[in-house]
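Note that ligands are numbered from 1 as they come in the structure, with each ligand's atoms numbered from 1 the same way. The figures that follow rest on heavy atoms only: side chains count, while hydrogens, waters and symmetry mates do not.
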Amino acid sequence: MIQLIRGFRDILPSDVPLWQRIEQTAVELFEAYGFAEIRIPIMEKTELFARSIGETTDIVEKEMYTFADRQGAKQKADELLTLRPEATASIVRAYIQHKMYAGDPLHKFYMTGPMFRRERPQKGRYRQFYQIDAEIFGTGSAYADVLLISMLTELLRRLGVDDTKAHLNSLGCPECRPAYRETLTAYIDARADRLCEDCQRRKTRNPLRVLDCKVTACREAMTQAPELIDHLCDACRDHFAIVTESLADLSVPYVLDKRLVRGLDYYTRTTFEIHTEVLGAQSAVAGGGRYDGLVEALGGPSIPASGFAIGFDRLAEIVAQKQPAAVPAPALFIAPIGEEARARAFPWFIELGQAGVTCDIEMGGKSLKAQMKRANRIGAAHVLIVGETELVQGAAILRDMNTKAQQAVPLERLVATLVAELG
Ligand code: ATP
Ligand code: MG
């Protein structure tokens with residue numbers, strides 16, 4: 001038997017109601033704040049991710065699903081394509097490509113869909129996983145960052161998770177980061193022999209990433225490292241102060257997390273992760289921040305932006321522990337007995353569905369006993385029984401599965417009666 005690909009997953013019908021509830025809750029909340037859905041392709045040119053996410057990140061270095069797309073005789077080289085490992089790069093590309101910055105550059109987007117990273121599969125970590133993203137283009141305001149963090153907190157609260165904490169840091173800007181980078185590099189160079197292989201490589205190309213390394217030896221070597229937050233320029237410090245003060249005003253729980261640097265190169269200023277105890281201390285359910293340099297880096301005008309990505313799989317796992325979703329049950333199960341009754345009842349079933357009554361019917365020739373068993377199993381609220389006798393008497397029997405009460409429903413106007421009663 002052919003099994004699914006390692007690190008991939010099926011989301012079975014018993015889990016889907018939960019996923020739908022999460023998505024609907026997010027959509028409702030985001031749209032209230034003027035976010036509009038954008039749908040972007042699942043594949044892009046590899047170069048887009050390499051340039052935006054950064055050549056020295058884990059994603060680009062080792063996690064992307066990339067392949068050469070065979071080109072026609074005219075083109076010389078095959079084109080490298082990549083299954084998207086995250087959404088921001090594509091959304092920025094679309095924003096630039098469709099010149100959405102013309103006129104009013106302010107746009108708020110959200111999207112949801114699968115992402116692909118060839119990571120080591122483990123609990124809660126997949127190679128195809130899902131994200132819910134939101135991005136705000138066209139404003140550098142600290143309040144945009146606050147809106148994003150507050151939306152995340154509220155989304156989780158609406159889903160029954162009320163112990164969230166936003167971990168916050170500021171990554172500075174091109175004004176203040178270079179000087180800090182030098183200070184940090186000097187610190188790292190003095191301890192280089194204690195660092196893991198990855199950090200040996202990172203330390204010259206992307207020293208900030210060393211702060212973020214999960215290897216114990218690296219963590220220990222970095223305990224006394226200079227903190228970015230103490231090296232911000234005045235403008236970045238003021239910006240960050242608005243974020244923390246406004247979050248406090250709104251009673252959004254947060255903590256400063258000076259080691260939070262995020263894996264992606266394009267982040268500037270505010271960076272954050274949302275944590276909850278449900279998953280344990282180590283893992284974040286969402287992450288994001290400001291990326292003021294990315295639109296320009298990808299060939300657009302200089303336009304600031306900010307956004308987040310929620311790990312949908314992790315969110316679903318958290319919410320399932322807090323409030324498991326019930327699989328929806330139909331309002332009606334139609335139980336015809338005999339060929340003639342089935343032929344009569346089938347159009348009722350089609351019409352009831354068209355009228356919005358959730359219903360099901362026995363399509364084979366099962367006995368009434370077997371049909372009642374099935375109605376029970378799927379949790380139908382009512383069963384409509386119709387056999388030869390009912391056809392002769394001109395009325396079917398509607399049984400309330402809760403109270404066991406039964407009533408006769410005349411076959412004329414049967415659909416209208418049931419729509420009125422159950423719809
Ligand atoms: P992590 O530190 O957990 O690897 P990350 O920094 O790589 O996270 P982001 O790129 O910011 O994660 O993605 C945002 C969210 O997507 C994460 O907080 C996490 O919940 C989720 N996520 C990331 N990678 C995976 C994966 N392989 N499987 C499931 N969820 C994931
Ligand atoms: Mg990761």
Using atom types as modelled, flag every donor-acceptor pair under 3.5 Å from a side chain in residues 296-314 to any protein atom, sequence neighbours excluded.
| from | atom 1 | to | atom 2 | distance (Å) |
| --- | --- | --- | --- | --- |
| Ser306 | OG | Asp145 | OD1 | 2.8 |
| Asp313 | OD1 | Tyr130 | N | 2.7 |
| Asp313 | OD2 | Arg9 | NH1 | 2.6 |
| Arg314 | NH1 | Ala284 | O | 2.9 |

Exercise. For ligand 1, which part of Arg314 has a heavy atom less than 4.0 Å away: the side chain, the backbone, both, or neither?
Worked result: side chain
Problem set entry | Interfacing atoms of ligand 1 (cut-off 4.0 Å, heavy-atom, Ala309) | 14 (C), 15 (C)
For this session: For ligand 1, find out whether one of its N or O atoms is nearer than 3.5 Å to an N or O atom of Arg125.
Result: yes
Exercise. Which is closest to atom 5 (P) of ligand 1 by heavy-atom distance: Gln128, Arg117, His275, Arg118?
Worked result: Arg117
Exercise. Any donor and acceptor pair, going by atom type alone, linking the side chain of Thr268 with main-chain N or O of Asp292 inside 3.5 Å?
Worked result: yes
Exercise. Where's the contact between Glu86 and ligand 1, heavy-atom distance under 4.0 Å: side chain, backbone, both or neither?
Worked result: neither
Problem set entry | His107 and Tyr95 aromatic ring geometry - parallel, tilted or perpendicular at 30°/60° bounds | perpendicular
For this session: Taking only heavy atoms of Ala286 into account, list the atoms of ligand 1 that are under 4.0 Å away from them.
Result: 18 (O)
For this session: Just jot down the ligand 1 atoms closer than 4.0 angstrom to any heavy atom of Gln131, in number order.
Result: 13 (O), 14 (C), 15 (C), 16 (O)
For this session: Just let me know how Leu315 lines up against ligand 1, side chain, backbone, both or neither, with a heavy-atom cut-off below 4.0 Å.
Result: neither
Exercise. Are Val210 and Leu184 side-chain neighbours, meaning at least one heavy-atom pair lies under 4.5 Å?
Worked result: no
Problem set entry | Residue-ligand contact Gly124/ligand 1, heavy atom below 4.0 Å | yes
Exercise. Between the candidates Ala87, Ala284, Pro121, which shows the shortest non-hydrogen contact distance to atom 17 (C) of ligand 1?
Worked result: Ala284
Exercise. With the threshold set at 4.0 Å, does a side-chain nitrogen-carboxylate oxygen contact exist between Arg127 and Glu63?
Worked result: no
For this session: Report yes if Glu273 has an N/O atom closer than 3.5 Å to an N/O atom of ligand 1; otherwise report no.
Result: no
For this session: Report, in ascending order of atom number, the atoms of ligand 1 lying under 4.0 Å from any heavy atom of Val285.
Result: 18 (O), 20 (O)
Problem set entry | Sidechain N-carboxylate O distance under 4.0 Å for Arg202, Glu61 | no
Problem set entry | Check against side chain to side chain contact (heavy atoms under 4.5 Å, CB included), Tyr254 and Ile149 | CA-CA 9 Å; Tyr254 72 88; Ile149 295 165; over 6 Å; no
Exercise. Can Arg118 be said to sit on top of Tyr65's aromatic six-ring, NZ or CZ under 6.0 Å from centre and within 45° of the ring axis?
Worked result: yes
Exercise. What are the atoms of ligand 1, with element, lying closer than 4.0 Å to any heavy atom of Glu119?
Worked result: 24 (N), 25 (C), 26 (C), 27 (N)
Exercise. Looking at the rings of Phe109 and Phe137, which for Trp means the six-membered one, are their centres under 6.0 Å apart?
Worked result: yes
